[in-house]
K.L.:
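Following this message is one structure expressed as structure tokens.
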Amino acid sequence: MEYNFRAIESKWQNYWRNHQSYSTNIDAQKAKYYVLDMFPYPSGAGLHVGHPLGYIASDIVARYKRLKGFNVLHPMGYDSFGLPAEQYAIQTGQHPSITTEQNINRYREQLDKIGFSFDWSREIRTSDPSYYKWTQWIFIKLFHSWYNPSTNKAEPIETLIQLFETKGFPLDNNSDLTGNIESEIPVFSADEWKTFGEKKQQEILLTFRIAYLSEAWVNWCAGLGTVLANDEVKDGVSERGGFPVERKRMPQWSLRITAYADRLLKDLDDLDWTDSIKEAQRNWIGKSEGTSIRFKLKNQNDFVEVFTTRPDTVFGVSFVTIAPEHELVDRITTDQFRVAVNEYITMAKNRTERERQAEVKRISGQFTGAYVKHPFTGKDIPVWVGDYVLAGYGTGAVMAVPAHDSRDYAFAKYFDLAIPQVIEIPNGTDHPGLDKESYDEKSGKLINSEFLNGLDVKVAIRKAIDEIEKNNFGKGRINYRLRDAAFGRQRYWGEPIPIFYKDGIPYTIDETDLPLILPEIDKFQPTDDGNPPLARAKDWKYKGEYEYEYTTMPGWAGSSWYFLRYMDPKNDNEFVSQEAVNYWKNIDFYLGGAEHSTGHLLYVRFWTKFLFDLGCIPINEPAKKLINQGMIQGVSAFVYRINGENKFVSYGLKDQYDTTALHVDVNITTNNLLDINKFRLWREENKDATFVLENDQYICGTEVEKMSKSKWNVVSPDLIVEEYGADTLRLYEMFLGPLEQSKPWSTQGISGVHNFLRRAWRLFHDKEGNFNVSDEGASPAELKVLHRTIKKVEEDVERFSFNTTISSFMICVNDLTDLKCNNRSILQEFIILLSPYAPHMAEELWELLGNKESINKAKFPKLNESYLVEDSFDYPISINGKVRFKMNLSLKLSKEDVEQTVLSSEEIKKHLQGSPKKIIVVPGRIVNVVL
RNA sequence: GCGCAUGUGUCGUAAUUGGUAGCCGAGCCAGACUUAGGAUCUGGUGCUGCGAGGCGUGGGGGUUCGAGUCCCUCCAUGCGCACCA
């Protein structure tokens with residue numbers, strides 16, 4: 001019987017389903033292992049061959065760990081709230097839940113065909129009320145918590161109220177409570193606090209909550225009609241849809257992730273994640289240490305506070321620049337300059353983010369007419385407004401040191417401002433001089449700087465901070481680039497925020513009223529008066545009386561804690577039971593795309609730390625080990641239409657005509673050759689197309705691009721499964737190259753792995769195709785092949801190198817075929833090794849070998865190194881003609897003999913039997929001697 | 001501009017601690033078998049040279065008895081951040 005993958009694969013997929021082979025329960029007797037894939041958003045395009053890449057790798061790890069005796073949690077679910085389903089609803093009126101349901105069914109069908117060992121009894125969907133009930137529950141916790149800087153963790157808001165009741169505000173310890181708080185909090189005493197009414201108290205508390213509502217600058221995307229978080233904006237346009245994004249000030253729910261900035265940064269060190277992801281997160285958090293300095297305004301009892309990392313250059317300040325949005329602008333501008341300043345600010349505000357970024361090189365600014373006093377010299381320093389200063393970073397104001405900062409330099413040159421030098425440019429640098437560009441390096445000796453003169457930059461920085469703090473001009477300060485995360489979306493298809501308003505103050509709904517179900521509405525657009533779609537819901541009031549919050553949670557809310565829910569997905573009383581989370585703890589192996597590095601992966605760490613602080617879970621990081629699978633790109637195919645004609649010219653001849661390149665569906669091409677009949681049927685307008693061929697063929701042009709429906713380069717795994725089987729797909733995707741590398745999809749070489757499976761199958765069958773294994777004892781050669789493979793497979797899986805494992809399998813099968821091996825025990829162990837990679841075929845052969853239980857209950861073979869000993873001599877040697885000689889310890893000499901013996905190469909030769917052709921000389925290592 | 005990653009035959013790649021570079025697969029060449037299959041099997045295949053040999057891991061330099069691997073520098077590609085003070 002030939003290897004009939006179709007029959008085998010459907011047989012075993014049914015078996016696994018009917019026997020619930022992969023459902024998992026807590027088992028205190030066994031060590032746990034948690035393998036998790038980043039769950040997909042179920043898009044309308046279905047799975048393409050890129051999706052399964054990571055799922056196959058994680059499935060191999062899950063199956064391998066089961067064979068190793070671990071209790072493996074390997075769940076799957078759907079991140080099913082999101083924009084595309086809603087955009088589709090706006091266009092067609094079809095409810096997003098219907099679209100989502102359809103897409104999920106299609107995903108499931110496709111996933112099932114690949115033979116994954118997911119525990120589907122634990123499936124979750126973020127859009128399911130039984131799931132988002134707990135997302136809302138966590139939001140309520142976030143609302144009722146504040147970040148206590150002196151304990152450095154989140155605490156119930158009651159502990160803050162207690163502090164207010166006993167000490168008032170600010171608190172007497174030196175912890176910088178306001179460092180993370182944007183709004184200005186008035187000073188009040190404990191007694192005053194008690195006299196404040198409910199409304200005033202709630203307003204004050206709101207500014208401290210981890211989930212808080214405030215007037216804030218947001219990324220407003222008019223195209224999507226919603227606010228976006230920083231990581232959802234790329235190059236000034238929305239990541240979804242590519243619509244322009246502008247800055248806008250509006251009331252906005254935010255999560256105080258900035259309170260966790262330092263912990264998010266520090267704890268990266270202990271994570272086994274790739275450097276690039278950790279670096280991306282470090283950059284995103286953007287910690288910088290510096291100093292705040294207050295510059296007193298001339299003729300006014302107020303000051304401009306700046307942030308700088310270069311306090312050493314304080315004597316080089318020639319002006320101060322503040323952001324156009326800065327609250328001081330209006331107050332300090334003199335009448336003489338008011339018109340010009342207002343004009344400038346209007347211009348700056350009307351530019352979109354994209355325009356602003358595109359025009360980085362263009363310098364603009366306006367003098368306000370105001371002056372500040374230099375803190376040390378008392379000299380007058382002009383104050384300018386400039387949009388190169390960002391309102392959202394630091395204090396929104398900078399002390400400009402044009403001689404030693406390139407941006408200040410450009411500004412000073414443009415407006416012809418002074419450029420005083422305070423650092424000597426060291427000899428030997430190729431700096432062209434201060435009349436050409438600024439000197440930004442952090443090295444050199446200070447000059448023209450009073451008490452800093454003669455000091456080296458690094459020393460001067462410390463000295464400057466000391467002096468600034470001593471004179472109370474400012475203080476050392478740590479700044480983060482990270483911004484609090486915008487949490488409300490003016491959209492329908494998301495979790496309703498469990499908030500209602502009473503007297504204009506937000507309150508959380510009672511936990512017993514959860515979940516707050518997403519109400520039905522008839523249209524998905526915003527209302528005519530600009531409210532989010534939820535405002536359309538009829539009779540939707542809390543307790544029939546209070547208005548609900550109309551914005552919904554962002555896409556990343558549900559995914560920020562889903563790994564916990566898998567542990568206990570059906571629990572109606574808790575988001576996860578203590579028993580479950582204490583057993584499963586964190587993810588042992590997390591796999592997903594690198595595109596989530598500053599989004600999901602930061603948020604899930606944030607929520608985990610928050611839940612840890614409140615004592616809800618015993619872990620403070622979600623995943624110790626993370627691997628990012630590379631993207632599988634599509635290879636797009638192009639046809640070239642002669643302009644103005646319905647005539648297409650083959651790739652090699654296209655330059656002789658005036659043509660337009662058009663994407664063509666890659667599924668109607670084979671090896672870049674266009675199937676002309678299919679092309680004519682593909683689209684109505686192609687029916688009468690004519691062609692200019694080369695060698696009677698139409699050759700398509702190609703280009704590697706992201707796999708996407710619009711580029712017609714999507715290859716579905718279904719076709720591969722249909723033609724070659726799921727096991728071949730699994731093997732091939734792993735064989736393509738290192739998991740983490742991106743690569744274009746190509747089926748060149750798929751026959752190689754397919755043939756490998758057929759050859760493996762043939763090991764178990766005689767020439768006539770009858771199942772045939774022998775019960776004779778295994779030969780030493782066969783044992784050697786087997787154990788070499790065991791060793792390699794084990795090492796490779798442990799270091800997540802799957803492509804090399806497959807080479808080892810191929811070598812193993814080649815060797816066993818050469819040895820004409822049909823030994824039962826050898827083949828049985830081999831098939832266990834193979835089972836994580838090609839589970840269907842492994843199950844079938846396992847059954848033919850007479851085993852009653854599924855192969856996933858088998859034990860991973862034990863390695864016996866003694867079968868691996870080489871029969872050749874092993875030697876190292878030689879430094880500068882003098883030769884230290886080392887011998888394979890299993891042969892003649894002891895370790896001590898080896899390390900003490902010093903011989904010439906002639907002498908080595910004497911020690912060797914026969915006369916070696918070549919000796920490879922290696923101090924301290926063992927290498928072959930070629931005889 | 002800053003940061004991170006990558007660079008090896010015709011192609012995908014391998015070489016776990018510095019130790020015979022190119023395993024495994026694809027492609028190509030030759031042959032065997034054949035009910036002609038997109039089958040199977042055998043041999044060959046880094047470059048160069050008739051040959052012994054020489055040269056070869058993006059370029060240049062260094063450390064080392066020995067470098068694809070470590071260090072410096074430059075180049076190219078990909079990704080991330082970007083007027084972040």
Side-chain angles (χ1 to χ4, degrees), chain A residues 2 230-231 234-235 274-284 286-288 290-291 306-310 313 321 323 356-357 359-363 386-390 392-401 404-408 410-411 440 479-483 594-595 597-598 628 630-631 723 731-732 735-738 740-744 746-756 758-759 762 767 791-792 795-796 798-799 801 803-814 817 876-884 918-930:
Chain A
E2 261 293 281
N230 283 357
D231 66 280
K234 295 263 141 76
D235 299 324
T274 60
D275 287 341
S276 64
I277 292 283
K278 292 207 265 187
E279 267 313 301
Q281 293 212 346
R282 288 191 189 107
N283 275 336
W284 189 261
K287 180 177 183 169
S288 69
T291 319
V306 304
F307 173 76
T308 179
T309 56
R310 296 294 303 273
T313 60
T321 315
R356 201 182 59 77
Q357 287 185 12
E359 294 170 9
V360 160
K361 293 270 140 56
R362 210 185 76 186
I363 294 155
D387 71 350
Y388 81 97
V389 177
L390 303 176
Y393 183 79
T395 59
V398 301
M399 59 175 219
V401 185
H404 306 292
D405 181 287
S406 52
R407 296 151 305 182
D408 298 338
F411 197 84
D440 296 11
N479 228 326
Y480 297 96
R481 201 192 71 98
L482 185 70
R483 301 266 66 94
E595 66 273 19
S597 55
T598 54
N628 304 106
M631 213 182 10
E723 201 173 350
L731 244 15
Y732 184 59
F735 189 63
L736 275 175
E740 301 184 68
Q741 220 164 76
S742 286
K743 50 230 155 191
S746 137
T747 51
Q748 297 268 310
I750 199 166
S751 62
V753 286
H754 189 62
N755 285 343
F756 155 75
R758 299 173 47 170
R759 294 179 57 147
R762 262 184 257 136
K767 277 216 175 72
K791 185 167 189 210
K792 190 81 166 92
E795 282 170 359
D796 286 352
E798 293 287 351
R799 67 191 172 105
S801 173
N803 54 328
T804 54
T805 319
I806 293 172
S807 296
S808 304
F809 283 136
M810 289 177 173
I811 295 167
C812 181
V813 165
N814 288 349
T817 305
I877 322 288
S878 168
I879 303 169
N880 298 338
K882 280 197 181 171
V883 176
R884 222 181 310 136
K918 193 172 178 184
I919 302 171
I920 296 124
V921 181
V922 181
R925 283 192 60 88
I926 293 175
V927 173
N928 284 334
V929 171
V930 183

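Lettering of chains follows the sequences in order, A, B, ..., and the numbering in each one begins at 1.
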K.L.:
Between A/Asn479 and A/Ser288 (side chain of the first, backbone of the second, donor and acceptor by atom type, cut-off under 3.5 Å), is there such a pair?
P.N.:
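It does not hold such a pair.
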K.L.:
How far, in whole Å, is B/rG1 from B/rU20 if one measures between their C1' atoms?
P.N.:
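Each nucleotide's C1' atom is 45 Å from the other's.
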K.L.:
Using the P atom as the reference point in each nucleotide, state the distance between B/rG22 and B/rU16 in Å, no decimals.
P.N.:
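After rounding to an integer number of Å, I get 13 Å for this pair.
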K.L.:
Tell me, please, which residues at least two apart from A/Asp387 pass salt bridge (charged side-chain N to carboxylate O under 4.0 Å, His left out).
P.N.:
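In terms of salt bridge (charged side-chain N to carboxylate O under 4.0 Å, His left out), with neighbours along the sequence ignored, A/Asp387 is linked to A/Arg351.
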K.L.:
How close do A/Gln748 and A/Tyr732 get, counting heavy atoms only, and between which atoms?
P.N.:
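Closest approach of A/Gln748 to A/Tyr732: O-OH, 2.8 Å.
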K.L.:
Which part of the nucleic acid, if any, lies within contact of A/Lys792, taking any heavy atom under 4.0 Å across all strands shown: a base, the sugar-phosphate backbone alone, or nothing?
P.N.:
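Contact class for A/Lys792: base.
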K.L.:
Atom CZ of A/Phe809 and atom C1' of B/rA14: how far apart are they, to the nearest Å?
P.N.:
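A/Phe809 atom CZ is separated from B/rA14 atom C1' by 16 Å.
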K.L.:
Does a side-chain N or O from A/Asn803 land closer than 4.0 Å to OP1 or OP2 of B/rG25, or not?
P.N.:
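No, outside the criterion.
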K.L.:
Rounding to the closest angstrom, what is the interatomic distance between B/rU48 and B/rG19 at atom P?
P.N.:
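29 Å, rounded to whole Å.
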K.L.:
Starting at the 5' end of RNA chain B, which residue's closest nucleotide do you reach first, A/Pro738 or A/Ile277?
P.N.:
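Nearest-nucleotide comparison on RNA chain B picks A/Ile277.
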K.L.:
List the residues meeting salt bridge (charged side-chain N to carboxylate O under 4.0 Å, His left out) with A/Glu723, not counting sequence neighbours, and say none if there are none.
P.N.:
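A/Glu723: no salt bridge (charged side-chain N to carboxylate O under 4.0 Å, His left out) contacts found.
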K.L.:
Atom CG of A/Asn479 and atom P of B/rA85: how far apart are they, to the nearest Å?
P.N.:
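From A/Asn479 CG to B/rA85 P: 8 Å.
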K.L.:
If you look at every strand shown and take non-hydrogen atoms under 4.0 Å, does A/Val306 touch a base, only sugar-phosphate, or nothing?
P.N.:
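Touches nothing.
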K.L.:
Go through the structure and list residues passing side-chain contact (heavy atoms from CB on, under 4.5 Å) with A/Glu740, not counting sequence neighbours.
P.N.:
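Here the qualifying residues are A/Thr274, A/Ile627.
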K.L.:
Taking A/Asp440 for its side chain and A/Ser406 for its backbone only, find out whether a donor-acceptor pair lies under 3.5 Å.
P.N.:
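The answer is yes, because a donor-acceptor pair under 3.5 Å joins these two groups.
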K.L.:
Would you classify A/Leu390 as touching base, sugar-phosphate or nothing, given that sugar-phosphate means primed atoms plus P, OP1 and OP2, and contacts are heavy atoms under 4.0 Å?
P.N.:
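Base, at least one base heavy atom under 4.0 Å.
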K.L.:
Of all the choices, B/rA26, B/rA85, B/rU16, which nucleotide is nearest to the side chain of A/Gln748 once you look at every atom?
P.N.:
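Output: B/rA26.
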K.L.:
With A/Asn814, which residues qualify under side-chain contact (heavy atoms from CB on, under 4.5 Å), at least two apart?
P.N.:
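Counting only residues at least two positions away or on another chain, A/Asn814 forms a side-chain contact (heavy atoms from CB on, under 4.5 Å) with A/Arg759.
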K.L.:
Distance check, C1' atoms only: B/rG46 and B/rU34, in whole angstrom units.
P.N.:
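After rounding to an integer number of Å, I get 35 Å for this pair.
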K.L.:
Using atom P of each nucleotide, how far apart are B/rU45 and B/rU10 to the nearest Å?
P.N.:
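Between the two P atoms, the distance is 15 Å.
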K.L.:
I'd like to check the salt bridge (charged side-chain N to carboxylate O under 4.0 Å, His left out) partners of A/Arg481; sequence neighbours left out, ordered by chain and number.
P.N.:
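Partners of A/Arg481 under the salt bridge (charged side-chain N to carboxylate O under 4.0 Å, His left out) test: none.
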K.L.:
Quickly work out the A/Arg310 CZ to B/rA85 P distance and round it to whole Å.
P.N.:
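It is 11 Å, rounded to the nearest whole Å.
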K.L.:
Please report, rounded to the nearest Å, how far the P atom of B/rC24 is from the CG atom of A/Leu731.
P.N.:
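Going from A/Leu731 (CG) to B/rC24 (P), I get 17 Å.
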K.L.:
Identify whether the glycosidic angle of B/rG37 places it syn (within 90° of 0) or anti.
P.N.:
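Base orientation relative to the sugar is syn.
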K.L.:
Can you list the residues that meet the side-chain contact (heavy atoms from CB on, under 4.5 Å) rule with A/Ala594, with sequence neighbours excluded?
P.N.:
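Expected list: A/Ile277, A/Asn628.
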K.L.:
B/rG78 C1' sits how many Å from A/Glu595 CD, rounded?
P.N.:
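The answer, rounded to whole Å, is 15 Å.
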K.L.:
Students often mix this up, so state it plainly: with edges at 30° and 60°, are the rings of A/Tyr393 and A/Phe307 parallel, tilted or perpendicular?
P.N.:
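A/Tyr393 vs A/Phe307 ring planes: perpendicular.
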K.L.:
From the options B/rC24, B/rA5, B/rA26, select the nucleotide whose nearest atom is closest to the side chain of A/Ser751.
P.N.:
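For the A/Ser751 side chain, the nearest candidate turns out to be B/rA26.
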K.L.:
Just jot down the side-chain contact (heavy atoms from CB on, under 4.5 Å) partners of A/Ser808, sequence neighbours excluded, or say none.
P.N.:
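Testing A/Ser808 for side-chain contact (heavy atoms from CB on, under 4.5 Å), a comparison that skips the adjacent residues, returns A/Lys792, A/Asp796.
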K.L.:
Glycosidic conformation of B/rG43, syn or anti, with 90° from 0 as the boundary?
P.N.:
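Base orientation relative to the sugar is anti.
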K.L.:
Suppose you measure atom C1' in B/rG54 against the same atom in B/rG80; what distance do you get, rounded to whole Å?
P.N.:
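Comparing C1' positions in B/rG54 and B/rG80 gives a spacing of 45 Å.
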K.L.:
Under 3.5 Å, which protein N or O atoms sit close to an N or O of nucleotides 38-45 of chain B? Give each pair with its distance.
P.N.:
unit_1 : atom_1 : unit_2   : atom_2 : d
B/rG38 : N1     : A/Glu723 : OE2    : 3.2
B/rG38 : N2     : A/Tyr724 : OH     : 2.8
B/rU40 : OP1    : A/Asn755 : OD1    : 3.2

K.L.:
Can you check the distance between B/rU69 and B/rG59, where both ends of the measurement are the P atom (answer in whole Å)?
P.N.:
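Between the two P atoms, the distance is 11 Å.
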K.L.:
Can you tell me which nucleotide in B/rC83, B/rA85, B/rG25 comes closest to the side chain of A/Phe307?
P.N.:
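For A/Phe307, the side-chain atoms sit closest to B/rA85.
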K.L.:
Report each atom pair, protein N/O against N/O of nucleotides 79-81 of chain B, whose distance is under 3.5 angstrom.
P.N.:
unit_1 : atom_1 : unit_2   : atom_2 : d
B/rC81 : O3'    : A/Arg481 : NH1    : 3.3

K.L.:
How close or far is atom P of B/rC83 from atom CE of A/Met399, stated in whole angstroms?
P.N.:
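The answer, rounded to whole Å, is 20 Å.
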K.L.:
Rounded to the nearest 0.5 Å, how far does CZ of A/Arg282 lie from CD of A/Glu279?
P.N.:
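Going from CD on A/Glu279 over to CZ on A/Arg282, the span is 5.0 Å.
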K.L.:
Taking the side chain of A/Thr308 as its heavy atoms from C-beta onward, which of B/rG12, B/rA85, B/rA26 lies nearest to it?
P.N.:
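Taking heavy atoms from C-beta onward, the closest nucleotide is B/rA85.
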K.L.:
B/rA15, B/rA5, B/rG25: which one has an atom nearest the side-chain heavy atoms of A/Asn814?
P.N.:
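For A/Asn814, the side-chain atoms sit closest to B/rG25.
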K.L.:
Hey, what do you get for CG (A/Leu482) to NZ (A/Lys287), rounding to the nearest 0.5 Å?
P.N.:
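These two atoms lie 13.0 Å from each other.
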K.L.:
Expressed in whole Å, how much space separates the C1' atoms belonging to B/rA14 and B/rG25?
P.N.:
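One C1' to the other, the span is 11 Å.
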K.L.:
Of all the choices, B/rC4, B/rA26, B/rA85, which nucleotide is nearest to the side chain of A/Ser276 once you look at every atom?
P.N.:
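Nearest to the side-chain atoms of A/Ser276, counting from C-beta on, is B/rC4.
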K.L.:
Taking ring-ring contact (aromatic ring centres under 6.0 Å, His included) as the definition, give me every residue that meets it alongside A/Phe809, ordered by chain and number, with sequence neighbours left out.
P.N.:
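Expected list: A/Tyr837.
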K.L.:
Which comes earlier along RNA chain B counting from the 5' end, the contact point of A/Ser808 or that of A/Thr804, where each point is its nearest nucleotide?
P.N.:
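Looking at RNA chain B, the more 5' nearest nucleotide goes with A/Thr804.
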K.L.:
Under 4.0 Å between any heavy atoms, over every strand shown, what does A/Gln741 touch: base, sugar-phosphate, or nothing? Just pick one.
P.N.:
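Since only primed, P, OP1 and OP2 atoms lie under 4.0 Å of A/Gln741, the category is sugar-phosphate.
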K.L.:
Would you sketch RNA chain B in dot-bracket for me? Only Watson-Crick or G-U wobble pairs with both distances under 3.5 Å count, crossing pairs as [ ], other-strand pairs as |, the rest as dots.
P.N.:
(((((((..(((......[....)))((((((.......))))))(((....)))..(((((..]....))))))))))))....
K.L.:
Which whole-number value in Å describes the distance from A/Asp440 CG to B/rG1 C1'?
P.N.:
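So the CG-C1' distance, A/Asp440 to B/rG1, works out to 10 Å.
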K.L.:
Taking salt bridge (charged side-chain N to carboxylate O under 4.0 Å, His left out) as the definition, give me every residue that meets it alongside A/Lys743, ordered by chain and number, with sequence neighbours left out.
P.N.:
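With sequence neighbours excluded, A/Lys743 shows a salt bridge (charged side-chain N to carboxylate O under 4.0 Å, His left out) to no residue whatsoever.
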K.L.:
Rounded to whole angstrom units, what separation is found between the CD atom of A/Glu279 and the P atom of B/rA82?
P.N.:
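Interatomic distance, CD of A/Glu279 to P of B/rA82: 15 Å.
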K.L.:
Taking the side chain of A/Ser288 as its heavy atoms from C-beta onward, which of B/rA85, B/rU16, B/rA15 lies nearest to it?
P.N.:
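The nucleotide sitting nearest to the side chain is B/rA85.
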